[in-house]
Asker: 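Handing you this structure, nothing more for now.
Just so it is clear: chains get the letters A, B, ... in the order the sequence lines come, proteins before strands, and each one is counted from 1.
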Protein chains: 2
Amino acid sequence: MVIASARDLGLAVRQARQDRGRTQSEVAAAARVSRRWLSDLEAGKPSAEFGLILRTLDAVGLGLDAFPVEPAPEGLDLDTLFEDGRG
Amino acid sequence: MVIASARDLGLAVRQARQDRGRTQSEVAAAARVSRRWLSDLEAGKPSAEFGLILRTLDAVGLGLDAFPVEPAPEGLDLDTLFEDGRG
DNA sequence: CGTGGTGGTGCACGAACGTGCACATTCACT
DNA sequence: AGTGAATGTGCACGTTCGTGCACCACCACG
């Protein structure tokens, strides 16, 4: 799943957690974060610390990958990549 | 590139930035973060806020992806996962 | 109905953040 | 040597984090 926002991250974490049938308390303990914080994270908290996020992802069985995104070489409009528009 | 630590993230950001021939000041301005913070991020700061990280990744042309990780039942060799193909 | 489990949230607290500035270092070029 | 750009880093400041606790609503179960 592509993570483009804090909300995306929250949803991914919640999804993974529920897929594994784990409660917030269990995951929070495994990741060594507070349940209070985990609840906020799943709600899409953008100010969460990256270190805690990494531990949490690990606790719910998710890995993170960074991939290059085409920067639209100058003069090229993104829309032209999909000539029929992007609805 | 797989991001398993704050250091990995820092390296990925720096790599992407340099690949595009951009300075810290330029990227910091584009991501609306301080150069001070970006310098720390590239050095592997684990306490960086996720929201700022997302803006920075965007500024250097990187996307983020979350993928499920097998819990690795003990005694399982990773290679066997690919030899017969898990799916 | 009462009980237990789960998740959301307001509060106060200490700790750490991100920022801006200033300065040092390193490097390329002249 | 001199110049300028790029980067690292110490400091002080105001802001915000993450935590722990308490309490709430919701839901399934008997």
Side-chain angles (χ1 to χ4, degrees), chain A residues 1 3-64 66-69 71-74, chain B residues 1 3-69 71:
Chain A
M1 174 185 183
I3 307 294
S5 68
R7 185 160 294 272
D8 291 345
L9 178 69
L11 292 178
V13 167
R14 171 162 292 174
Q15 190 72 54
R17 177 176 65 82
Q18 292 178 341
D19 284 352
R20 302 198 165 207
R22 303 212 157 269
T23 67
Q24 286 187 350
S25 291
E26 288 170 334
V27 168
R32 282 135 41 212
V33 301
S34 65
R35 189 181 72 82
R36 185 70 177 79
W37 178 87
L38 180 57
S39 178
D40 284 344
L41 179 74
E42 291 190 353
K45 188 182 185 97
S47 57
E49 292 185 11
F50 189 64
L52 304 189
I53 291 174
L54 278 181
R55 297 216 301 262
T56 303
L57 288 174
D58 198 49
V60 297
L62 285 181
L64 218 45
F67 58 93
V69 173
E74 11 202 326
Chain B
M1 174 184 184
I3 307 295
S5 69
R7 185 159 293 273
D8 291 344
L9 178 69
L11 292 178
V13 167
R14 171 163 294 174
Q15 190 72 53
R17 177 175 65 81
Q18 291 179 341
D19 283 353
R20 301 195 167 210
R22 303 215 158 269
T23 68
Q24 285 186 350
S25 291
E26 289 170 334
V27 169
R32 283 139 33 216
V33 301
S34 65
R35 189 182 71 80
R36 186 69 177 79
W37 178 88
L38 181 56
S39 178
D40 283 345
L41 179 74
E42 291 189 354
K45 187 181 186 97
S47 58
E49 292 186 10
F50 188 65
L52 304 189
I53 291 175
L54 278 182
R55 297 217 300 262
T56 303
L57 287 174
D58 197 49
V60 297
L62 285 180
L64 218 47
D65 178 77
F67 59 92
V69 173

Asker: Side chain to side chain contact (heavy atoms under 4.5 Å, CB included) between A/Leu57 and B/Val69: does it pass, once the steps are laid out?
Answerer: CA-CA 10 Å; A/Leu57 288 174; B/Val69 173; over 6 Å; no
Asker: Side chain to side chain contact (heavy atoms under 4.5 Å, CB included) between A/Glu42 and A/Gln15: does it pass, once the steps are laid out?
Answerer: CA-CA 9 Å; A/Glu42 291 190 353; A/Gln15 190 72 54; over 6 Å; no
Asker: Can you measure from CG (B/Asp65) to CG (A/Leu62) and round to the nearest 0.5 angstrom?
Answerer: 10.0 Å
Asker: To the nearest 0.5 angstrom, please state how far the CD atom of A/Gln24 sits from the OG atom of A/Ser34.
Answerer: 10.0 Å
Asker: Within residues 46-60 of chain A, which residues have any heavy atom lying less than 4.0 Å from an atom of DNA chain D?
Answerer: A/Ser47, A/Ala48, A/Glu49, A/Leu52
Asker: Between A/Leu41 (CG) and D/dT19 (P), how many Å, whole number?
Answerer: 11 Å
Asker: Give a yes/no on whether any side-chain N or O of B/Arg22 is located under 4.0 angstrom from OP1 or OP2 of D/dT7.
Answerer: no
Asker: Would you say D/dG8 has OP1 or OP2 under 4.0 Å from some side-chain N or O of B/Gln24?
Answerer: yes
Asker: What is the distance, to the nearest angstrom, from the NZ atom on A/Lys45 to the P atom on D/dT16?
Answerer: 11 Å
Asker: How long is the gap from CG on A/Leu38 to CD1 on A/Ile53, to the nearest 0.5 Å?
Answerer: 11.0 Å
Asker: Roughly how far, to the nearest 0.5 Å, is CD1 of B/Ile3 from CG of B/Leu64?
Answerer: 7.0 Å
Asker: Would you kindly compare B/Arg36 and A/Arg35 by the position of their nearest DNA chain D nucleotide and give the one closer to the 5′ end?
Answerer: B/Arg36
Asker: Under 4.0 Å, heavy atoms only, any strand: does A/Ser39 hit a base, just the sugar-phosphate, or nothing?
Answerer: base
Asker: Just the endpoints, please: which first and last nucleotides of DNA chain C, 5' to 3', lie under 4.0 Å from a heavy atom of chain A?
Answerer: C/dT6 to C/dC11
Asker: Taking only residues at least two apart or on different chains, which pairs with a member in residues 19-31 of chain A satisfy salt bridge (Lys or Arg N to Asp or Glu O under 4.0 Å)?
Answerer: A/Arg22-A/Glu26
Asker: Can a donor-acceptor pair be found, under 3.5 Å and without considering hydrogens, that links the side chain of A/Arg55 to the backbone of A/Arg32?
Answerer: yes
